[in-house]
Amino acid sequence: MTSRNSALSISTALQRGDYSAEEVVEWSIGRIEALQGRYHAFLHHDRERALSLARNIDRRRTQGEPLGPLAGVPVAVKDNICTTFGATTCASRILESFHSRFDAHVIERIESAGAVVIGKTNLDEFAMGSSTENSAYFTTLNPCDTTRVAGGSSGGSCAAVAARIVPAALGSDTGGSIRQPAAFCGVVGLKPSYGRVSRYGLVAFGSSLDQVGPIATDVLDVALVLSVIAGHDERDSTSVDRPVPDYLACLDRPVKGLRIGLSEEYFGEGLDPEVRAGVQAAIDLMAHEGAEIIPIHLPHMKYAIACYYLVATAEASSNLARFDGVRYGRRTPRPGDILDLYESSRGEGFGPEVKRRMMLGAYALSSGYYDAYYLKALKVRTLIKNDFDKAFEKVDVIASPVTPTTAFRVGEKSSDPLTMYLSDMYTTSANLAGICAISVPCGLDSLGLPIGLQLMGPAFGEDRLLAVAHQYQLRTDHHKRMPCTE
Amino acid sequence: MGPPLDQSVVRHVARLARLRINDAEAALFASQLSMVLKYVEQLNEADTNGVLPTAHTLPVSNVFREDEVRPSLSSDQALHNAPDRHDGFFRVPRVLDQESA
């Protein structure tokens, strides 16, 4: 085993008998333990359970039983995805000792395919944040530069992949929470189309926006994991019953004749010149390979952040009402009456960003303000979605930066919520429109920090989107670069 | 849209969200949330006359299944994470006072 092994190569080598699942998992856990003090990517892990799953896979292989496509692959999972093993904390004090009674759909799927979930990763509390600084436990550091954030909210999962602790991880993306940390850490992260992957067992933040998605070092592994987790699940009524293509088999589609849309709205004020140059170079390369670059206009993009922070917080205020200190989660030690039980349990259990967002959402939904804030935001959401529908009549994918800057310093934005929100300026619109989008490493800035290229495709256009990203990676080696801090 | 949030509005919203907040939090949230509300006011520039709201990007409607008994969480499993329970119930402080009970 080496850190260059991908999920695909591990599962292939394992089926051949080149090494055992136990060796792979032991190696991966060794890295968790060796690197935890440096990057703080994991909240908890279970060595014995992982090794026992691995030995079981080895036994099945020696008995000649068929193995799944992820056989023996160690996978890290964001800790807002329910597992019956270990805790599911959402990086919150309120769920410090919460033990789910069921596994999320995506956990069932990847473990049935032979993957070994080896640990649960850090995040911003309830996935609310862009840096993991809102975790109630600790901040995950960027493996490319440990004075900087890994991004968020899936910062732990992205750091774990970037540090080559695991070849693949799962995150969740409500407004950029997979793509932004993937860009900051120099790995590949996909937000699938809304409805592509079941949300059953994903702790809800913004129910009309949330999607679970894969993170890996290259597009092949992302396609492999997506093939396993995508598909209909009747336990999530918004999961769509639609065939799942073999995403790996779709990756050969050529670049020649591809229509790439470019919208000036993604290259305006606030974009760092080095990020602009990195993304432009990637687009130039695709043009050189025969792609057609087509200017498009997304006139309502500029409202995406304002729209997103009203829609997402309104949904959050409703979803997080369930944490009341009665059925699960932390209860205040000496409640007076029932109202005090609710207010004190929640006041003590939630961190400041979660409180802020629930209050903003409650305000936007409250009597007298509903029309002015929440309903207005839903109408602007229609305009943003219409912009994309129109653009995808003319182009196959849209290319843009993932983030306006590369990874910022720990503490740089943590005291100013609005500035932190603006770091999501290029990612939230894909969630509002329900389309798919991927973050792919496309170079380094002068400080050596990764730059992310975002490619967006129409809803359920993952096959084409992944093919474009893969063709780009065939011609570049940005994704092969290891972080330099080890 | 509305005026910026003062501390009394923040306390009212905290009550709606069932959140106990202290004086320092009320002051901090009043200024931070006012900034966010001022930022989102730009939505007023967008012409939404005749535009229908999008609560969901998929054309989803209610999904029903047959009304038949299926395995689900047992009472014990459902109570497993409860901070306090008694005889198969979640236990909470008295909700009704003695006279009205």
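Naming convention: chains lettered A, B, ... in sequence-line order (proteins, then strands); numbering from 1 in each chain.
With a 4.5 Å cut-off on non-hydrogen atoms, A:L341 touches chain B through its side chain but not through its backbone. Within the 4.5 angstrom heavy-atom criterion, no atom of A:S317 approaches chain B. Residue contact with chain B, scored on non-hydrogen atoms closer than 4.5 Å, involves the backbone of A:L432 exclusively. Contacts between A:K355 and chain B at a heavy-atom distance below 4.5 Å involve backbone atoms as well as side-chain atoms. Heavy atoms closer than 4.5 Å to chain B are found nowhere in A:A364, neither backbone nor side chain. Contacts of A:Y309 with chain B are absent, with no heavy-atom separation under 4.5 Å from either backbone or side chain. Heavy atoms of A:E348 lying under 4.5 Å from chain B are absent altogether. There is no contact between A:Y308 and chain B, counting heavy-atom distances below 4.5 Å. Contact of A:L422 with chain B is made through the side chain alone, with heavy-atom distances under 4.5 Å. With a 4.5 Å cut-off on non-hydrogen atoms, A:V311 does not touch chain B at all. The contact between A:S415 and chain B is made entirely by backbone atoms, counting heavy-atom distances below 4.5 Å. Residue A:S193: no heavy atom, backbone or side chain, is found under 4.5 Å from chain B.
Between B:L43 and A:K379, every side-chain heavy-atom pair lies at or beyond the 4.5 Å cut-off. Within the 4.5 Å cutoff, side-chain heavy atoms of A:D416 are placed close to those of B:M35. Looking at heavy atoms from C-beta onward, A:Y328 lies out of side-chain contact with B:H80 at the 4.5 angstrom threshold. B:T54 places none of its side-chain heavy atoms less than 4.5 Å from the side chain of A:L378. Looking at A:R356 and B:V36, their side chains never come closer than 4.5 Å, going by heavy atoms from C-beta outward. A:L360 has its side chain within reach of B:L37: a pair of non-hydrogen atoms, C-beta onward, lies under 4.5 Å apart. In this structure, the side chains of B:D76 and A:R101 stay at 4.5 Å or more apart for every pair of heavy atoms. Using a 4.5 Å cut-off on side-chain heavy atoms (C-beta onward), A:Y363 and B:V9 make contact.
With rounding to the nearest 0.5 angstrom, the CG atom of B:L79 is 11.5 Å from the CZ atom of A:R327. Distance check: A:T84 OG1 to B:Q77 CD gives 10.5 Å after rounding to the nearest 0.5 Å. Atom OG of A:S345 sits about 9.5 Å away from atom CZ of B:R20, to the nearest 0.5 Å.
Options B:L33, B:L73, B:L16 differ in how many heavy-atom pairs under 4.5 Å they form with chain A, and the most are formed by B:L33. Counting heavy-atom pairs closer than 4.5 Å to chain B, the top residue among A:P335, A:A459, A:A433 is A:A433. Between chain A and the options B:H12, B:E45, B:R15, the largest number of non-hydrogen pairs under 4.5 Å is found for B:R15. Between chain A and the residues B:V63, B:I21, B:L58, the largest count of heavy-atom pairs under 4.5 Å involves B:L58.
The closest donor-acceptor contact from the side chain of A:R346 to the backbone of B:A17 lies under 3.5 Å. Panel note: side chain B:N81, backbone A:G329; no donor-acceptor pair is recorded below 3.5 Å.
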Residues B:T48, A:K376; criterion side-chain hydrogen bond (donor to acceptor under 3.5 Å, both in side chains); working and verdict: CA-CA 8 Å; B:T48 52; A:K376 180 75 183 182; 2.9 Å; yes

Pair B:L19-A:E343, side-chain contact (heavy atoms from CB on, under 4.5 Å): steps then yes or no: CA-CA 5 Å; B:L19 283 171; A:E343 293 187 337; over 6 Å; no

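A salt bridge does not link B:R65 to A:E234: none of the charged nitrogens lies less than 4.0 Å from a carboxylate oxygen. Under the 4.0 Å criterion applied to side-chain N and carboxylate O atoms, A:D337 and B:R94 are not assigned as salt-bridge partners.
Within the 6.0 Å centre-distance limit, the rings of A:Y194 and B:H56 are counted as a close aromatic pair.
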